[in-house]
**Q** 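The following block contains the structure, expressed as structure tokens.
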4 protein chains.
Amino acid sequence: MTPGSTEGMEAATAERRRGRPRSDRARAAILAAGQALFLERGLDGVTVDEIADRAGASKATIYRWWPSKEHLAVDALYDDWLSHAGPENDEVPLEQELEGYLVPWVRVLRRRPYGRVVAGLVARAQLDPAFAEHYRTWFVRRRRDHVGRILRRRIADGDLPATTDVPLALDLIFGPIYHRLLHGHAPVNEPYVRAIVRTVVRGLLRPNG
Amino acid sequence: MTPGSTEGMEAATAERRRGRPRSDRARAAILAAGQALFLERGLDGVTVDEIADRAGASKATIYRWWPSKEHLAVDALYDDWLSHAGPENDEVPLEQELEGYLVPWVRVLRRRPYGRVVAGLVARAQLDPAFAEHYRTWFVRRRRDHVGRILRRRIADGDLPATTDVPLALDLIFGPIYHRLLHGHAPVNEPYVRAIVRTVVRGLLRPNG
Amino acid sequence: MTPGSTEGMEAATAERRRGRPRSDRARAAILAAGQALFLERGLDGVTVDEIADRAGASKATIYRWWPSKEHLAVDALYDDWLSHAGPENDEVPLEQELEGYLVPWVRVLRRRPYGRVVAGLVARAQLDPAFAEHYRTWFVRRRRDHVGRILRRRIADGDLPATTDVPLALDLIFGPIYHRLLHGHAPVNEPYVRAIVRTVVRGLLRPNG
Amino acid sequence: MTPGSTEGMEAATAERRRGRPRSDRARAAILAAGQALFLERGLDGVTVDEIADRAGASKATIYRWWPSKEHLAVDALYDDWLSHAGPENDEVPLEQELEGYLVPWVRVLRRRPYGRVVAGLVARAQLDPAFAEHYRTWFVRRRRDHVGRILRRRIADGDLPATTDVPLALDLIFGPIYHRLLHGHAPVNEPYVRAIVRTVVRGLLRPNG
DNA sequence: GTGTAATCGAGACGGTACGTCGAGTCTTGTG
DNA sequence: CACAAGACTCGACGTACCGTCTCGATTACAC
């Protein structure tokens, strides 16, 4: 499942659509061109014509499948942005489990200049509530939900106080990462993520300090 | 001193500049129009022509004094964005001093839709390193420096461990605020700020917890 | 064939051009709007935006097909400016043949305020040698060449001396017409043209008076 | 007397104007700068700022004394444009007298690229009837009147028929010169002027040829 | 095989905003 | 007063990009 997928729209029957089927070559080429160009120059630094040229596709094809440049960007970057994994793991301390999830992400952030694109997406989201919802769903909520599940499990396990404010904890973890990503005043690297996680977890442990 | 000020360039002598002096009426009207329009519709939702019209000025005058729309936005919003104060105060607990500084700011953020503009500024900063520096200096660094001074004084006073990582602490405080401001997934209100401050300070107190 | 035509560039094969074909509606509307506005207010009195608005086209479309406002003016006015005809006719006296060609033109000049536009074109031609060539080719040379052919035939027929200086004769015929057209000190009407033709032909007849 | 002179406005009394007197240095420098720049690049190719810079004057001073750039151009070029002379002379044939007046002028035209400026003036005259009158008076009428006086004297002397149409004759003489000056299809040189004069005079001699 | 229908690349289109430039006016302090 | 300096308003310029639209050409399934 990806942000731009249109599967599931027709009935689940075997009924094939008539007419020429969508070209997978074009779709893949557009996403690849988008990924490369958006990371290189940011959302506003790239024109749709450029993407079409690089992909050997036409602008009409792009707009047939993605309603706007920013939707395309979300789709083009989603896989890489969310690439990660590590199974949930109760055996290790909470800090370690959180780092296990966040560190692969920040490795991606360091490897590629995502700040350029994310800043553009955030700016568009301000002017277009529908896109804001789309962007949050695919780019932000996925990670927050994952970490939220971890935290709630740890609460159930008694590793965190029952009174822990999970949304606040998520903002305390993700906020500093986005802060450096978007403002660029300092690098988003592994030591930074470890420090965030340790300080926040420590702060959450004693609710009535 | 404001972001767009050009004072202090000539010698401090009483030597007056020749020619027609810059119109304070035009400058003030442009900044007022910019402030109103940028907050209303965001950086990208406003055209320079509109600002000129509303200010009764001409586009040429705007471009004479501000190199771009985003520089104008920084200048137009700076005063309001930084309006705050509260003298530094050792007598109260650290949490209270931090809240005393941050809460007035957050009240501004709630009163006006700053997210729209800040998102636009952040996006532009990605594509223009010179503007990025300008924006960070006037919009971000000012507040970080203020809080940084507080933290360092508290370290000297023994209220915080000598090993406290001040830049990290600043990111932990400001990051979550920017996170909600830009992503809009939850409100930036006083309880939120208090919760951030308490959790972070608690987390900082026992570095080797 | 018109000044702005691009036909004949590709091979004469039936090979159709790819992509959306140029809109004849837009082309015709732009030329019509240009003709009306240029005659009404002269080259400098009309903005390209106005032409675009009146034509229901966009400025980009105008600039896609005409490199400048003055090129558009040449194209928009060419047909009307050159509308004329009358087959060449040896049976009548030379004066009468010349009048037969020039009088219809002069009627156009009286019917519409061409002076405004031609003055603008002449002014632009001074600053842009490439446009000067374009303008002369389509607006001036056409008529001169036609009259030149008449004169050379009459020389061959013995109606004019073999030593007749044809370029000089053309300047003597067209010069006075342009003079009044551009300076506006007196009307360009039929009696004027007849008087020019008679005086010049008489002057040419006795080369060594 | 020059086109921009303002003498004669105050009473002929010896009463001197109060305040700082007009600077002759500035006036001369502005006219000199205007003459050089207008001839070099034409009316539209020169900005008033440029003239002010080159003259070491200010734009305000220019606009205090000349209502527009084109009025300045008329004034700056008038002396050179009309420089000529030759006393009227009944002793020689008409052709020779006319050449005696016109040849010095065309020498000026060949020495300097007047076409550029005159074309600009003619274009402006189309859009501004008041300036059109001004331009015709100083740039066109002067010469026409001079030649007109010659022709009328020659009619009185019997060298030309009593029925001679003087305005037509003037258009036949000046028209071809302006034609080449403005259209630039051929040079305006002495042989050309001589050929014009001879052909036209010959054509005028036998009105009912 | 022969429609029928949706796709594709190409590229022109209307629209909107950009940042620049020049004309002519206005506002200072200085001579 | 006039003058140099230079900021001001106004309005047009030509460019760039967006997202839409029309073409001819292609490619499947349905008959």
Side-chain angles (χ1 to χ4, degrees), chain A residues 15-23 25-27 44 46-50 52-53 55-69, chain B residues 15-27 44 46-50 52-53 55-65 67-69, chain C residues 15-27 44 46-50 52-53 55-65 67-69, chain D residues 16-23 25-27 44 46-50 52-53 55-70:
Chain A
E15 179 197 345
R16 283 292 265 109
R17 301 277 299 281
R18 304 213 308 170
R20 176 176 177 172
R22 178 172 180 182
S23 159
R25 192 210 63 77
R27 179 176 185 278
D44 289 339
V46 177
T47 71
V48 178
D49 275 292
E50 247 175 331
D53 280 358
S58 85
K59 247 194 325 177
T61 301
I62 293 177
Y63 281 104
R64 194 191 320 277
W65 299 110
W66 293 275
S68 71
K69 185 166 66 164
Chain B
E15 180 196 346
R16 277 294 262 108
R17 298 282 300 281
R18 304 214 301 173
R20 176 176 179 173
R22 178 171 177 184
S23 161
D24 265 329
R25 193 210 64 76
R27 180 175 185 278
D44 289 339
V46 177
T47 72
V48 178
D49 271 297
E50 244 177 333
D53 280 358
S58 84
K59 229 181 358 167
T61 300
I62 294 177
Y63 281 107
R64 195 194 322 279
W65 298 109
S68 70
K69 189 164 63 165
Chain C
E15 179 197 347
R16 276 294 262 112
R17 298 282 299 280
R18 304 213 300 170
R20 178 178 178 171
R22 178 170 179 184
S23 160
D24 265 329
R25 192 210 64 77
R27 179 175 186 280
D44 289 339
V46 177
T47 71
V48 178
D49 271 298
E50 243 176 334
D53 281 357
S58 83
K59 227 177 6 161
T61 300
I62 294 178
Y63 282 109
R64 194 192 325 277
W65 298 109
S68 70
K69 189 164 66 165
Chain D
R16 281 293 262 105
R17 301 279 297 280
R18 303 208 310 167
R20 175 175 176 175
R22 176 170 182 182
S23 159
R25 192 209 64 77
R27 179 175 187 279
D44 289 339
V46 177
T47 71
V48 178
D49 275 293
E50 247 176 331
D53 281 358
S58 84
K59 252 198 317 181
T61 302
I62 294 177
Y63 281 105
R64 194 191 319 279
W65 300 110
W66 293 275
S68 72
K69 185 166 72 163
E70 48 266 26

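For clarity, every value in this text was computed on a predicted model and none was experimentally measured. Protein chains get the first letters and strands the later ones, always in sequence-line order, with residue 1 at the start of each.
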**Q** How long is the straight-line distance from CZ of R64(A) back to OG1 of T61(A), given to the nearest 0.5 Å?
**A** 5.5 Å
**Q** Ignoring hydrogens and angles, are the base of dT7(E) and the side chain of R22(A) linked by a donor-acceptor pair under 3.5 Å?
**A** no
**Q** Measure the OG-CD1 distance between S68(A) and I62(A) for me, rounded to the nearest 0.5 Å.
**A** 11.5 Å
**Q** Take K69(D) and D49(C), find for each the nucleotide of DNA chain E with the closest heavy atom, and name the residue whose nucleotide sits nearer the 5' end.
**A** D49(C)
**Q** Would R22(C) and W65(C) count as a cation-pi pair here, with the cationic atom under 6.0 angstrom from the ring centre and within 45° of the axis?
**A** yes
**Q** Expressed in angstrom and rounded to an integer, what is the separation of R27(D) atom CZ from dC3(F) atom P?
**A** 11 Å
**Q** How close do A52(B) and K59(B) get, counting heavy atoms only, and between which atoms?
**A** CB-N, 3.8 Å
**Q** With DNA chain F as reference, determine whether A57(B) or T47(C) sits nearer its 5' end, using the nearest nucleotide of each.
**A** A57(B)
**Q** Would you say T61(D) places a side-chain N or O within less than 4.0 Å of OP1 or OP2 belonging to dA4(F)?
**A** yes
**Q** Select one nucleotide: of dA4(F), dA28(F), dC18(F), the one nearest the side-chain heavy atoms of V48(A).
**A** dC18(F)
**Q** Once you round it to whole Å, what is the distance between P of dC26(E) and CZ of R25(B)?
**A** 14 Å
**Q** Tell me whether the side-chain N/O atoms of Y63(D) come closer than 4.0 Å to OP1 or OP2 in dG24(E).
**A** yes
**Q** Under 4.0 Å between a side-chain N or O of W66(D) and OP1 or OP2 of dG24(E)?
**A** no
**Q** Looking only at non-hydrogen atoms, find the nearest pair between K69(A) and V46(A) and report the distance.
**A** NZ-O, 2.8 Å
**Q** Can you find a donor-acceptor N/O pair under 3.5 angstrom joining the side chain of K59(B) to the base of dG19(E)?
**A** yes
**Q** Rounded to whole Å, how long is the line connecting atom CD1 of I62(C) with atom C1' of dC13(F)?
**A** 13 Å
**Q** Below 4.0 angstrom from OP1 or OP2 of dC13(E), is there any side-chain N or O of W65(C)?
**A** yes
**Q** Has R64(B) got a side-chain N or O lying under 4.0 Å from the OP1 or OP2 atom of dC8(F)?
**A** yes
**Q** Pick the nucleotide of DNA chain E nearest each of S68(B) and R20(B); which residue has the one closer to the 5' end?
**A** S68(B)
